[in-house]
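Reminder, nothing fancy here: chain letters follow the sequence lines and each chain counts from 1. The figures here come from the full heavy-atom set of this structure, side chains too, leaving out hydrogens, waters and symmetry mates.
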Protein chains: 2
Amino acid sequence: MAEAKKSTLWLVAERAGVSIASVSRVLNGQPASQGVTERVRAAAAELGYVPDATARSLKVGRTEQIALAVADVGNPVYVGMMHEISRVVTKAGYRLVLSSTGANPKDQIDLLVGLNRGFADGLILSPLRAPEELGAQLKASRFPIVIIGSVPPGVELDNVRADSVAGMALAVNHLAEQGRERIAFVNGPVDTVPGAARRNGYVTALAALGIGHGTQVSARDFTYQAGLKAATALLDKETPDAIVCANDLLAIAALNVATRRGLRIPDDIAIVGMDDTDIADLANPAITSVNLGATKRARTAAKLLLRRLENPEAPLRQVVIEPTLTVRGSS
Amino acid sequence: MAEAKKSTLWLVAERAGVSIASVSRVLNGQPASQGVTERVRAAAAELGYVPDATARSLKVGRTEQIALAVADVGNPVYVGMMHEISRVVTKAGYRLVLSSTGANPKDQIDLLVGLNRGFADGLILSPLRAPEELGAQLKASRFPIVIIGSVPPGVELDNVRADSVAGMALAVNHLAEQGRERIAFVNGPVDTVPGAARRNGYVTALAALGIGHGTQVSARDFTYQAGLKAATALLDKETPDAIVCANDLLAIAALNVATRRGLRIPDDIAIVGMDDTDIADLANPAITSVNLGATKRARTAAKLLLRRLENPEAPLRQVVIEPTLTVRGSS
DNA sequence: AACGTTCTCGTAAACGTTTACAGTCCACAT
DNA sequence: ATGTGGACTGTAAACGTTTACGAGAACGTT
């Protein structure tokens with residue numbers, strides 16, 4: 001049945017004794033006489049014919065591919081988003097092209113000029129850093145883009161983002177209700193999009209509550225190892241009664257550092273993380289985490305892109321996802 | 001400079017006053033007179049010309065894409081492999097198409113017929129389950145495939161796999177040296193490729209050591225939640241002095257269950273995981289883990305595929321990666 | 001000056017589809 | 001018998017590249 005040989009419309013047409021147009025029509029479900037339909041079906045089956053995706057793409061002007069660029073594939077929250085986006089777009093008949101732009105912002109603009117080569121019909125971009133130049137490239141794109149996170153000023157694109165301020169408020173209020181008074185903050189790099197957003201959230205949330213803000217430290221990046229260092233530095237300086245962390249990884253790091261110092265969680269010190277990823281459950285005790293709606297953001301982004309693909313003139317949409325708080329053992 | 005309008009070779013040729021053949025040549029670095037070269041370069045720059053990937057693919061017969069199909073994007077070990085493969089193939093100028101075949105084996109064969117449409121130049125496949133039919137489809141493929149894990153009997157493909165027996169031996173010997181005598185095993189589903197391999201490894205490793213094998217339990221899948229259940233079931237029945245787990249997630253689950261029961265790790269009970277993923281570090285204490293060479297397997301698989309792409313006649317290679325043991329606090 | 005080489009460049013044919021257009025055939029109504 | 005319309009199918013032109021081929025031009029050699 002299925003030979004390892006490629007066969008073209010031509011071969012099928014020849015074998016069925018019809019024209020290639022008829023073959024194409026039958027195979028695409030267009031109306032055709034019963035005789036032709038049967039002969040074509042039979043010939044196609046015997047030859048193990050499968051249409052060529054590239055040729056089809058060239059003709060119809062669509063690749064049926066969607067590109068996804070995430071900053072850091074190591075981070076569990078991105079993995080979750082990737083997974084969700086993959087689900088949505090494959091269900092809609094698209095393939096997912098993974099373009100892991102590293103921390104290097106140049107990769108991002110490379111990606112954008114690459115996109116203009118038309119290897120994908122659209123792009124979902126979640127930039128870790130958003131330099132000036134990115135904005136220019138974004139608006140020069142021939143293809144629809146939806147970005148997860150804030151859009152650079154001046155570019156008009158569909159986007160979906162988290163509400164870091166509300167999220168931080170959730171965490172801080174929760175801690176304040178327990179009577180915690182010295183709430184420290186372990187952040188990631190503040191020159192990143194999420195780092196800046198969460199710092200802002202922390203400051204405003206505390207201000208809104210009338211609590212002076214506590215000590216802030218920044219990890220070198222959003223990883224566990226960096227978190228260990230940052231948390232150690234923090235606890236060397238002082239012992240707050242609560243730590244909120246920009247990330248679940250950082251939170252686990254803080255939790256482990258605290259535990260190893262003999263602090264009891266949550267009695268002596270409460271820990272709350274952000275993103276509410278799977279790994280929040282792994283810690284012992286499991287960590288309370290602010291769910292910034294990562295998977296929902298991912299899903300929404302995918303749907304926004306699909307919507308724009310089928311209607312390029314659709315009005316611009318900028319969605320912000322409301323955060324929730326998942327309370328676990330660490331607070 | 002870069003307009004949001006697509007421009008073709010034709011437009012560039014017209015503007016430069018040359019033929020499209022010359023434009024193509026200049027842009028591909030083929031020799032051309034200085035005058036033509038300059039005019040073409042200028043015209044291309046002014047028009048913001050970027051060549052069309054699809055048309056090029058159709059002509060040259062390559063998409064410059066590599067497909068990757070992993071069983072479960074939730075699992076950290078696959079994430080690591082994905083990351084590594086992404087690195088290698090992008091460095092070689094390929095894009096990575098992510099085809100997340102779920103647990104459903106039908107997705108896998110769908111993927112294979114899809115591959116025959118030529119949306120990618122090759123495939124890296126890491127099947128969780130390998131039903132009979134998969135073998136047939138594999139050999140019917142027009143494109144090179146390398147599989148991570150064992151190949152179904154009868155198909156000849158490049159592949160790279162872990163040595164589960166040696167890996168288990170590493171774990172078991174390590175525990176035996178400490179005088180542990182009752183070594184239990186928390187496995188994942190045994191009807192999966194890794195599940196079966198690791199069970200086999202466990203049994204043979206213990207037999208080689210002359211230790212009768214201990215209790216085996218199987219989690220419903222390779223996740224933390226399933227691990228909690230399995231570990232609870234195990235510890236309800238008995239209290240071994242060591243548990244090896246088929247997975248780091250399962251290991252963390254076992255560790256947490258044990259800890260919550262008041263067992264001291266590693267004094268009362270040692271825990272060792274497998275895969276040596278990032279999360280092995282997150283636990284408290286960090287868990288000892290057998291490194292089955294996941295990233296190395298990934299890298300090797302990618303390189304095998306690249307090699308075959310550039311030389312389809314290369315001799316078949318089946319690589320097995322040697323495991324190592326990373327000892328941490330849990331043993 | 002005639003001739004062979006080499007270099008440069010344009011013409012045109014692919015690659016494998018989809019699809020507009022036109023042609024054929026037949027039924028049916030006039 | 002002739003026209004009208006509809007259903008079907010074939011011809012051919014795209015889509016945007018790459019590249020084999022051949023025609024000139026430029027150059028050096030005799």
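Considering only side-chain N and O atoms, B:Arg56 lies nowhere under 4.0 angstrom from the phosphate OP1 or OP2 of D:dG16. Phosphate proximity of D:dA7 to A:Ser33: absent, as no side-chain N or O sits under 4.0 Å from OP1 or OP2.
The nucleotide whose nearest atom lies closest to any side-chain atom of B:Val36 is, among C:dC9, C:dT18, C:dT8, C:dC9. When the nucleotides C:dG16, C:dT19, C:dT8 are ranked by their closest atom to the side chain of B:Leu58, C:dG16 comes out on top.
Classification of B:Lys106 and B:Asp110 as a salt-bridged pair holds, one side-chain N sitting under 4.0 Å from a carboxylate O. A salt bridge links B:Asp191 with B:Arg129: the distance from a Lys NZ or Arg NE/NH1/NH2 to an Asp or Glu carboxylate oxygen falls below 4.0 Å. Using a 4.0 Å cut-off between charged side-chain N and carboxylate O, B:Glu84 and B:Arg87 make a salt bridge.
Between its opening and closing five pairs, the helix from C:dA1-D:dT30 to C:dT30-D:dA1 changes axis direction by 60°, a value rounded to 10 degrees.
Without hydrogens or angle criteria, A:Lys139 side chain to A:Gly154 main chain gives a donor-acceptor distance under 3.5 Å.
For the pair B:Asp52 CG and D:dT18 C1', the interatomic distance rounds to 13 Å; values are reported in whole Å. Between the CG atom of B:Leu9 and the P atom of C:dA12 there is a distance of 17 Å, rounded to whole Å. As a whole-Å value, the separation of A:Leu11 CG from C:dC15 C1' is 14 Å. What separates CD of B:Glu14 from C1' of D:dG16 is a distance of 15 Å, to the nearest Å. Between the C1' atom of C:dG10 and the CH2 atom of B:Trp10 lies a distance of 11 Å, rounded to the nearest Å. One can place CZ of B:Phe119 at 16 Å from P of C:dT17, the figure rounded to the nearest angstrom. One atom, CZ of A:Arg142, and another, C1' of D:dG16, lie 11 Å apart when rounded to the nearest Å. Distance OH (A:Tyr49) to C1' (C:dG16): 7 Å, rounded to an integer number of Å.
Taking the side chain as every heavy atom from C-beta outward, B:Thr300 and B:Arg297 never approach each other to under 4.5 Å. The closest side-chain heavy-atom distance from A:Ile85 to A:Ile124 is below 4.5 Å. A:Phe222 has its side chain within reach of A:Asn75: a pair of non-hydrogen atoms, C-beta onward, lies under 4.5 Å apart.
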Handout entry: side chain to side chain contact (heavy atoms under 4.5 Å, CB included) assessment of B:Arg308 paired with B:Val146
Key = CA-CA 9 Å; B:Arg308 182 155 305 281; B:Val146 9; over 6 Å; no
Exercise for the section: Please report the C-alpha distance between A:Gln65 and B:Gln65 in whole Å, then the side-chain angles of each, then the deciding distance to 0.1 Å, and finally whether the side chain to side chain donor-acceptor pair (under 3.5 Å) criterion is met. Expected result: CA-CA 12 Å; A:Gln65 295 191 150; B:Gln65 295 191 151; 2.9 Å; yes
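Judged by distance alone, with hydrogens and angles left aside, A:Lys59 brings no side-chain donor or acceptor close enough to the base of C:dT17 to form a pair under 3.5 Å.
Atom CD1 in A:Ile321 sits 10.0 Å away from atom CD1 in A:Ile148 (nearest 0.5 Å). Between the CG atom of A:Asn159 and the CG atom of A:Leu125 there is a distance of 11.0 Å, given to the nearest 0.5 Å.
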Extract from the structure each pairing of a protein N or O with an N or O of nucleotides 22-24 of chain C at less than 3.5 Å, listing the distance.
none

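Enclosure of atom CZ in A:Arg117 is not indicated, since only 12 or fewer non-hydrogen atoms of other residues, nucleotides or ligands lie within 6.0 angstrom.
DNA chain D is contacted by B:Ile20, B:Ala21, B:Ser24, B:Asn28 of residues 16-28 of chain B, taking any non-hydrogen atom closer than 4.0 Å.
In terms of position on DNA chain C, the residue among B:Ala32 and B:Ala55 whose nearest nucleotide sits closer to the 5' end is B:Ala32.
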